[in-house]
Amino acid sequence: MTESYATATPAGGPIPGPVRVRFAPSPTGTLHVGSARTALYNYLFARHLGGSYILRVEDTDVARSSLEHEQSILVDLAWLGLQWDEGPDIGGDHGPYRQSERSEAGIYRLAAERLLNESKAYYCFCSQERLEQLKTETLARGDMPKYDRCCAAIPPDEAAARVAAGEPATIRFRVPDTAIEVTDIIHGRTDFSSEVIGDFIILRSDGGVSYNFAVVVDDIAMEITHVIRGEDHLTNAARQVLVFQAFGHEPPAWAHHSLIMGPDGGKLSKRHGATSVGEFRRMGYLPSAIINYLALLSWSPGGEREKLAKEEMVAEFELQRVSKSPAIFDIQKLNWLNGLHIRDLAREEFHLALAPFIGDAGSGVTPGREGAKASEATPGRDAAAALGVTPGQLAVAEAAVQTSLVTLADANGQILEFFTATPLAVSVDAASPDEESVAAELGEEGSAAVLEMASARLEELPAAAELTAGTVDEAVDKARALIKQWKKSCKEADIPPKRLFRTLRIALTGRGSGPELPFMLAGLGRDSIRERLEAAKPYAK
RNA sequence: GCCCCCAUCGUCUAGUGGCCUAGGACACCGCCCUUUCACGGCGGCGGCGGGGAUUCGAAUUCCCCUGGGGGUACCA
């Protein structure tokens, strides 16, 4: 009921047919989180209304565009789960979906000629030097730079003759003297005067189409009903409304969302840290967390929920609930959400998501949250083998760290430590101040008794070879039960529970902190535990 | 310079004239749980940029200022 915009033009007239939106990236770089958010809003809007979400590649800037960039953008988009209904790779009824191909097909040339014939456009023979000078002069005078219509009055016959003779020319749009109204779903109505808009170029002298023209021609051809994009395009909308009118076509409904800023309030850029989706992927962020976070930057669902799955966002997304003000990218909140999404993963999903980050991918390094080297993943490698443990052991370690991760990349260090934490004997000899104080704790009264007690019942724990991914819970439960019994025995022997836990942890790992003890006991394996316990005995009291 | 947009805790936001001594979340700080860390629970800190106007009553409407952002290309 609040979705009347779906079936109505800004003016109130009905838009025939279903909702069609497009995400139109320019393949001049990798997918930026800001663009990803635009894609996300388009996706959510279309899915919410059962419409179509189209991917159109705006590669008319030949010098800066590349197929490699296009590829990586498609990969990142798909990785985020924002699958499109029509696009350059899968086709559709309104193709081609690459502007370079549309240009080759003569689509823009033809459209420009139509305007030429109707006198809504004209050839311009001004040199770039003259244009440059004109701009400088206008700026010096304190006015808005704007083409002076030097060539607007050239008779069409004469112009055509000059073009035929080979004189380089651009085609300019003849901006009518009129008030322009842009009605935006997010912003409401904005008025522009065509006075501030100069006759802009629609076809370059090299035959290439320019942005403001290509967009309109394509949006008409592709039957786009809603244009959802960044606010940096708001003033472009004024120009584009004019072109729509020149073609006698009703403009689509507009929705210009705010831009993402860096922590210092400036436009989000590399100096603020990671900005591309690919970087976040390599740092160990989950796609579900990224789109959740991106959606929340500007949009909020009705209630007070923060963690949302894609399906929930689709069900509730509404453009009128998108905020008008710019949003600052806050990595802390992304971190928080990423942790929540990681904890939501089923064991198997988690294992799969983790694979590229375990073993070789980061061996030797424990990437910190901040300065994480965006190490390239090596998914082909078998993670357990790389660590020298059984798949079952790895499964236990994964289960142990799942609740404490911020990013997937953090797992490598934690899992590595799970298996390779320096046992006490070595630790004491190394005697770094930190380890020394931990080792000293082993001298506490009762530790010897604890070690004896533990050694005596190790058979109740699974051996490393017996563990499988499917028996993780079983193994951990066994360890829990055993600990419970040890606890009981300690009580009888008048040994405080704390002594039990501390002694075992230190004997097993040489550290004062780490994963929960039941997981350590289950994952390390019977033999390894026995060895470490024995090694600790000489130091216990 | 000119045009356009925006303005609630440090950050993301709820809030569309009285329900607001402004709600939630991240971060931060305490406490609890706990062998540690994390998770979880409880509590705290903290905000309507400034000035006018309309109104019985304004975070909510209007104007001005200030601040921030965007645009001003033969880039998109």
Side-chain angles (χ1 to χ4, degrees), chain A residues 24-28 58-61 63-65 99 124 126 128 131-132 135 138-146 168-172 182 184 186-187 190-193 195-198 200-212 214-215 229-239 256 258-259 261 263 265-267 293 296-307 321 323-337 339-340 343 401-406 414 438 441 483 496-506 509 511-517:
Chain A
S26 180
T28 54
E58 310 212 323
D59 57 349
T60 56
D61 185 342
R64 295 197 297 147
S65 298
Q99 288 187 330
C124 171
C126 293
Q128 298 219 38
L131 263 17
E132 201 77 30
K135 186 178 169 184
T138 325
L139 235 32
R141 232 184 305 121
D143 287 331
M144 192 158 171
K146 176 179 159 180
T170 61
I171 297 179
R172 282 184 187 272
V182 174
D184 187 289
I186 295 170
H187 290 275
T190 303
D191 292 305
F192 295 88
S193 165
E195 276 175 43
V196 299
I197 303 173
F200 51 93
I201 288 168
I202 57 178
L203 227 54
R204 303 185 216 121
S205 54
D206 66 0
V209 66
S210 77
Y211 172 72
N212 282 116
V215 163
R229 69 218 319 185
E231 212 175 80
D232 47 342
H233 288 292
L234 188 54
T235 47
N236 282 328
R239 267 169 269 269
H256 292 92
S258 64
L259 269 20
M261 302 297 163
K267 203 175 174 181
Y293 176 67
L296 254 31
L297 269 186
S298 292
W299 173 76
S300 72
E304 282 175 342
R305 284 169 308 148
E306 302 276 341
K307 194 189 75 180
R321 285 194 67 86
S323 153
K324 290 187 270 204
S325 34
I328 290 173
F329 192 88
D330 179 17
I331 191 77
Q332 310 237 65
K333 188 152 181 176
L334 206 212
N335 284 341
W336 170 68
L337 275 173
L340 294 187
R343 265 152 244 147
V401 303
Q402 188 171 5
T403 57
S404 62
L405 293 181
V406 169
Q414 292 189 25
V438 173
E441 227 185 303
I483 290 172
K498 183 177 178 176
R499 195 74 277 123
L500 202 219
F501 286 107
R502 297 297 301 178
T503 302
L504 286 179
R505 171 173 298 287
I506 293 165
T509 70
R511 309 270 168 107
S513 68
E516 286 183 56
L517 206 49

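Note: hydrogens, waters and symmetry copies are ignored here, and every other heavy atom, side chains too, is used.
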*Please figure out whether A:P145 or A:S325 has its closest RNA chain B nucleotide nearer the 5' end.*
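Its nearest nucleotide being more 5', the pick is A:P145.
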
*By nearest nucleotide on RNA chain B, pick out whichever of A:A169 and A:L139 is the more 5' one.*
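Taking each residue's closest nucleotide, the earlier one in sequence belongs to A:L139.
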
Heavy atoms under 4.0 Å, any strand shown: does [X] hit a base, just sugar-phosphate, or nothing?
{"X": "A:T170", "answer": "base"}
{"X": "A:H233", "answer": "base"}
{"X": "A:N236", "answer": "base"}
{"X": "A:S65", "answer": "nothing"}
{"X": "A:I197", "answer": "nothing"}
{"X": "A:Q128", "answer": "base"}
{"X": "A:E306", "answer": "base"}
{"X": "A:S26", "answer": "sugar-phosphate"}
{"X": "A:R229", "answer": "nothing"}
{"X": "A:F200", "answer": "nothing"}
{"X": "A:S205", "answer": "base"}
{"X": "A:R64", "answer": "base"}
{"X": "A:S298", "answer": "sugar-phosphate"}
{"X": "A:K146", "answer": "nothing"}

For [N], give the paired nucleotide (Watson-Crick: N1-N3 plus N6-O4 or O6-N4; G-U: N1-O2 and O6-N3; both under 3.5 Å), or none.
{"N": "B:G40", "answer": "B:C32"}
{"N": "B:A7", "answer": "B:U66"}
{"N": "B:C2", "answer": "B:G71"}
{"N": "B:C56", "answer": "B:G18"}

If the [atom1] atom of [N] is compared with that of [M], how far apart are they to the nearest Å?
{"N": "B:A7", "M": "B:C63", "atom1": "P", "value": "14 Å"}
{"N": "B:C2", "M": "B:C48", "atom1": "C1'", "value": "32 Å"}
{"N": "B:G41", "M": "B:U66", "atom1": "P", "value": "47 Å"}
{"N": "B:A22", "M": "B:G1", "atom1": "C1'", "value": "40 Å"}
{"N": "B:G17", "M": "B:G10", "atom1": "C1'", "value": "30 Å"}
{"N": "B:G67", "M": "B:C62", "atom1": "P", "value": "22 Å"}
{"N": "B:G47", "M": "B:C9", "atom1": "C1'", "value": "4 Å"}
{"N": "B:A73", "M": "B:G68", "atom1": "P", "value": "23 Å"}

*Output yes when a side-chain donor or acceptor of A:H187 lies under 3.5 Å from a complementary backbone atom of A:H256, and no otherwise.*
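Yes, the answer is positive, given that a donor and an acceptor are paired below the 3.5 Å cut-off.
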
*Side-chain (A:N212) to main-chain (A:I202) donor-acceptor, under 3.5 angstrom*: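 Side chain of A:N212 to backbone of A:I202: no pair is present.
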
*Kindly write out the residues that satisfy salt bridge (charged side-chain N to carboxylate O under 4.0 Å, His left out) with A:R204, not counting sequence neighbours, or none if the list is empty.*
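By the salt bridge (charged side-chain N to carboxylate O under 4.0 Å, His left out) rule, A:R204 matches A:D206.
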
*Non-neighbouring partners of A:K333 that pass salt bridge (charged side-chain N to carboxylate O under 4.0 Å, His left out), sequence neighbours left out*: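 For A:K333 the salt bridge (charged side-chain N to carboxylate O under 4.0 Å, His left out) partners, ignoring immediate neighbours, are A:E306.
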
Who passes side-chain hydrogen bond (donor to acceptor under 3.5 Å, both in side chains) against [X], sequence neighbours left out?
{"X": "A:S325", "value": "A:S323"}
{"X": "A:K307", "value": "A:D344"}
{"X": "A:S26", "value": "none"}

*Outermost RNA chain B nucleotides near chain A [under 4.0 Å, heavy atoms]*: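 Nucleotide range in contact with chain A: B:G1 to B:A76.
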
*asked:* I'd like to know whether A:Y293 forms a side chain to side chain contact (heavy atoms under 4.5 Å, CB included) with A:D330, so could you lay out the CA-CA distance, the side-chain angles of the two residues, the decisive distance to 0.1 Å, and finally the verdict.
replied: CA-CA 9 Å; A:Y293 176 67; A:D330 179 17; 3.5 Å; yes

*Side chain to side chain, A:V215 and A:E58, heavy atoms closer than 4.5 Å*: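 In contact.
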
